[in-house]
K.L.:
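Mind having a look at this structure? Questions to follow.
Quick caveat, the model's predicted, so the values are computed rather than measured.
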Amino acid sequence: MTALAGCAEQPRRGAYPSGPVDGTARAEALLERAAQAPAQERPPLLVAAADALLAADRPRRAARVLAQLEGLSLDEATDLKRRVLAGELALRLGDGKLGAPLLADVPEPRLQALLAPDWRLRWHRARGELLARAGQTERAVFELARASLLARSEERRRLGARIWRLVSELPAERLARAARASQDPTARGWYELALLAQRHGADLADLAAAFADWRRAHPAHPAASDPPPTLRRIGEGPILAPTKIAVWLPLSGELAAAGRAIGEGLLAAYFQAAREQSDPPRLEFFDAADASPADLLARSAEQGAELVIGPLRREAVTALAAGGPPPLPVLALNYAEGVDNPPPDLFQFGLSVADEARQAARTALGLGHRGALLILPQGRLGATAEEAFRQTWSGGGGVVPAQVRYADGVREFAPLLEDPLLIGESRARARRLAALLGRELDFRPRHRGDVDLVFLVAHPQAGRLIVPALDYLWAGDLPVFATSQIYGGEGDDGDLEGVSFTAPPWALAASSSDEVHPPAELSPDLAGLFALGYDAYRLHQWLPLLPRLPEARVRGLTGRLSVDAEGRVRRELPWARFAAGGVRPAPELDAVVDSP
């Protein structure tokens, strides 16, 4: 289940081959020549001008120049370059239709005969990214693997990181099928490498040995000489390999159901490890409902534990973080509050909405949004999401012209949303204009113009009221980004149609039969805690290593996991969308921003 992924490299500002410093001036000169040239000589000049504008970071102008080729007769080589540029522009502008010409297949011998290596590199790289955004992962890997064979060292590393991210996201069953079906040895090698990372991810010693065997079997593969950073570092340690783990969970009291769900996840991971390893670490459970962290630490150490998983209560985690270094490593199942410098060997892992809020802000910024309306519940959940979203959003140049904080039990959201959307001002302007003209107007109110996105934190019941209220107030054109709380376990939710949300991986229908899943009878909240327990067990060996590898990700049921320098586990979730009566993966949003 667990796999590793390096941070992917996506097409971004400056990622394409650089033109001269005066790229815009060069483009203008080419356009002037094209305007004076005979019709048959204009296409190569227009393509060169568009290329220069793209390199000079003027993609919209480049797209307008490329549009001038419509109706002109192009030779095959010029048309292939036009298609490359169309694909690169589609990625830069987020317009998939623009890249459609690049997705038409061309035999490799024709590309080799008509395009120089740098243009072939761009052809395969742009095709690969377009296919990845369309969710066609195997085709994307094939194209990016072709591109990597044409790239120089730094670009080859970026492409390798991107391929590794893509293959690491595939479940084992699909990886095995892709490896069997692939006719390309480079792509097949990536699938086999990701498959062994998943199979041995719970035991780093086994993974290091399996990777060494893979390198000997694939000496010419790009990953043999330049492996993903995490695989390169596993032999260097440190590795946490306890033989006994003490688990602190609330097994009685008000949090007993939560404790049981986490415990079931831990045991699911333990039994899976027992099938994969000869001697997995044993689990010993303690009821942490009323015990103090100090007492539990002492008892765990006395009974020979080498790692603690737990506690769950925020107050207990805060007490641990405010104290001195623990006598043995602790993977707490929540995040401390108000502690800036937690002690070494205290790792914190939970299902905080803050990770999702930061991810939503990064993705929206990557799509070019800059004005957000925040719709948040009152209380801790909304406050945590707001702080995380605002910090990332403002850091990227975004603004929050308005926000709404709603109370539990609200049934009518239109009155709450009307003023923040400035619908009343729009109506007042219409009345003044009608009075000035002396006649009634055919009028439709407009929402405020400085908002181009809604960031929503809501459980399904509130979400089903908020989204129709936005549409009722003529704001249905605004994209809505929500956190995973919006998902209630039912795919058919027409009132949420079009809402994009950060989805727990276990919730997506694309999950394969080889995955571990939370029991079907669990509610979404308890299913998330099952996944937390499962990932805590699978993650524990990686804890000392991951803070040294900020680009590394561990694939789990709760998301793609990393560990920051202060020992906090961070999650990145796949994007999904309510569409056509169900929940669909949204790979085009996953591809927008991959850096933490």
K.L.:
What distance separates Leu166 CG from Glu129 CD, expressed to the nearest 0.5 Å?
P.N.:
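The CD atom of Glu129 is 7.0 Å from CG of Leu166, to the nearest 0.5 Å.
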
K.L.:
Any side-chain heavy atom of Val563 sitting closer than 4.5 Å to one from Val554?
P.N.:
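Not touching, per the 4.5 Å side-chain cut-off.
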
K.L.:
Is the shortest distance from a Lys or Arg side-chain nitrogen in Arg157 or Glu154 to a carboxylate oxygen in the other one below 4.0 Å?
P.N.:
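Glu154 and Arg157: salt-bridged.
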
K.L.:
Drop me the distance from Leu526's CG to Ile262's CD1, to the nearest 0.5 angstrom.
P.N.:
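Going from the CG atom of Leu526 to the CD1 atom of Ile262 covers 9.5 Å.
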
K.L.:
Do Arg188 and Gln183 have side chains that approach each other closer than 4.5 Å (heavy atoms only, starting at C-beta)?
P.N.:
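Arg188 does not reach Gln183 side chain to side chain.
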
K.L.:
Could you tell me whether the side chain of Val583 reaches within less than 4.5 Å of the side chain of Arg577, counting heavy atoms only?
P.N.:
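No, every pair of side-chain atoms sits at 4.5 Å or beyond.
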
K.L.:
Verify the distance criterion only: is there a donor paired with an acceptor across the side chains of Ser292 and Asp295 at less than 3.5 Å?
P.N.:
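Ser292 vs Asp295: donor-acceptor pair found between side chains.
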
K.L.:
Answer whether the closest heavy-atom distance between the side chains of Asp345 and Leu328 falls below 4.5 Å.
P.N.:
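No, too far: nothing below the 4.5 Å cut-off.
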
K.L.:
Hey, does Arg584 have a side-chain heavy atom less than 4.5 Å from the side chain of Phe578?
P.N.:
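With C-beta onward as the side chain, the pair stays apart.
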
K.L.:
By the definition ring pair (Phe, Tyr, Trp, His ring centres under 6.0 Å), identify the one residue from Phe389, Phe501, Phe455, Trp575 that meets it with Phe481.
P.N.:
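Among the candidates, only Trp575 passes.
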
K.L.:
Return the CG to CD distance between Leu207 and Gln541, rounded to the nearest 0.5 Å.
P.N.:
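So the CG of Leu207 and the CD of Gln541 are separated by 9.5 Å.
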
K.L.:
Rounded to the nearest 0.5 Å, what's the gap from CH2 on Trp190 to OG on Ser148? Could you check?
P.N.:
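Separation between the atoms: 7.5 Å.
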
K.L.:
Report yes if the side chains of Pro171 and Arg174 come closer than 4.5 Å at any heavy-atom pair, otherwise no.
P.N.:
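Yes, side chains in contact.
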
K.L.:
Which label fits Tyr487 and Trp506: parallel for a plane angle under 30°, tilted from 30 to 60°, or perpendicular past 60°?
P.N.:
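Judged by the thresholds at 30° and 60°, the geometry between Tyr487 and Trp506 is perpendicular.
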
K.L.:
Can you check whether Tyr191 reaches Leu170 side chain to side chain, under 4.5 Å on heavy atoms?
P.N.:
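Side chain of Tyr191 against side chain of Leu170, heavy atoms only: contact under 4.5 Å found.
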
K.L.:
Which distance, rounded to the nearest 0.5 Å, do you find between the CG of Leu529 and the CZ of Arg260?
P.N.:
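CZ of Arg260 is found 12.0 Å from CG of Leu529.
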
K.L.:
Thinking salt bridges, do Glu138 and Arg177 make one under a 4.0 Å N-O criterion?
P.N.:
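No, no charged N to carboxylate O under 4.0 Å.
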
K.L.:
State whether Asp535 and Arg538 are salt-bridged, where the test is any N-O pair (Lys NZ or Arg NE/NH1/NH2 against Asp/Glu carboxylate O) under 4.0 Å.
P.N.:
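Judged by the 4.0 Å cut-off on N to carboxylate O distance, Asp535 and Arg538 do not form a salt bridge.
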
K.L.:
Should the pair His540 and Tyr537 be assigned to parallel (<30°), tilted (30 to 60°) or perpendicular (>60°) ring geometry?
P.N.:
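Ring orientation, 0 to 90° scale: perpendicular.
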
K.L.:
Do Arg362 and Thr392 come within less than 4.5 Å of each other through their side chains, counting heavy atoms only?
P.N.:
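Yes, at least one pair of side-chain atoms sits under 4.5 Å.
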
K.L.:
Salt-bridge test for Arg127 and Glu143: reply yes if a basic N is under 4.0 Å from a carboxylate O, no otherwise.
P.N.:
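Salt bridge flag = yes for Glu143 with Arg127.
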
K.L.:
Could you note down all residue pairs passing salt bridge (charged side-chain N to carboxylate O under 4.0 Å, His left out) where residues 240-253 supplies at least one of them, sequence neighbours left out?
P.N.:
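Qualifying pairs: Lys244-Glu284.
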
K.L.:
Do Glu169 and Arg560 meet the salt-bridge criterion of a basic N to acidic O distance under 4.0 Å?
P.N.:
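Counted as a salt bridge, because a side-chain N and a carboxylate O are separated by less than 4.0 Å.
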
K.L.:
Could you tell me how the ring of Trp214 sits relative to the ring of Phe211: parallel (under 30°), tilted (30 to 60°) or perpendicular (over 60°)?
P.N.:
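Plane angle under 30°, so parallel.
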
K.L.:
What distance do Leu546 atom CG and Arg570 atom CZ have between them, rounded to the nearest 0.5 Å?
P.N.:
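Output value for this atom pair is 13.5 Å.
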
K.L.:
Does a salt bridge link Arg553 with Glu572, judged by any charged N lying under 4.0 Å from a carboxylate O?
P.N.:
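Counted as a salt bridge, because a side-chain N and a carboxylate O are separated by less than 4.0 Å.
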
K.L.:
Evaluate side-chain hydrogen bond (donor to acceptor under 3.5 Å, both in side chains) for Thr502 paired with Glu356, printing each intermediate quantity in order.
P.N.:
CA-CA 7 Å; Thr502 44; Glu356 300 179 45; 2.7 Å; yes

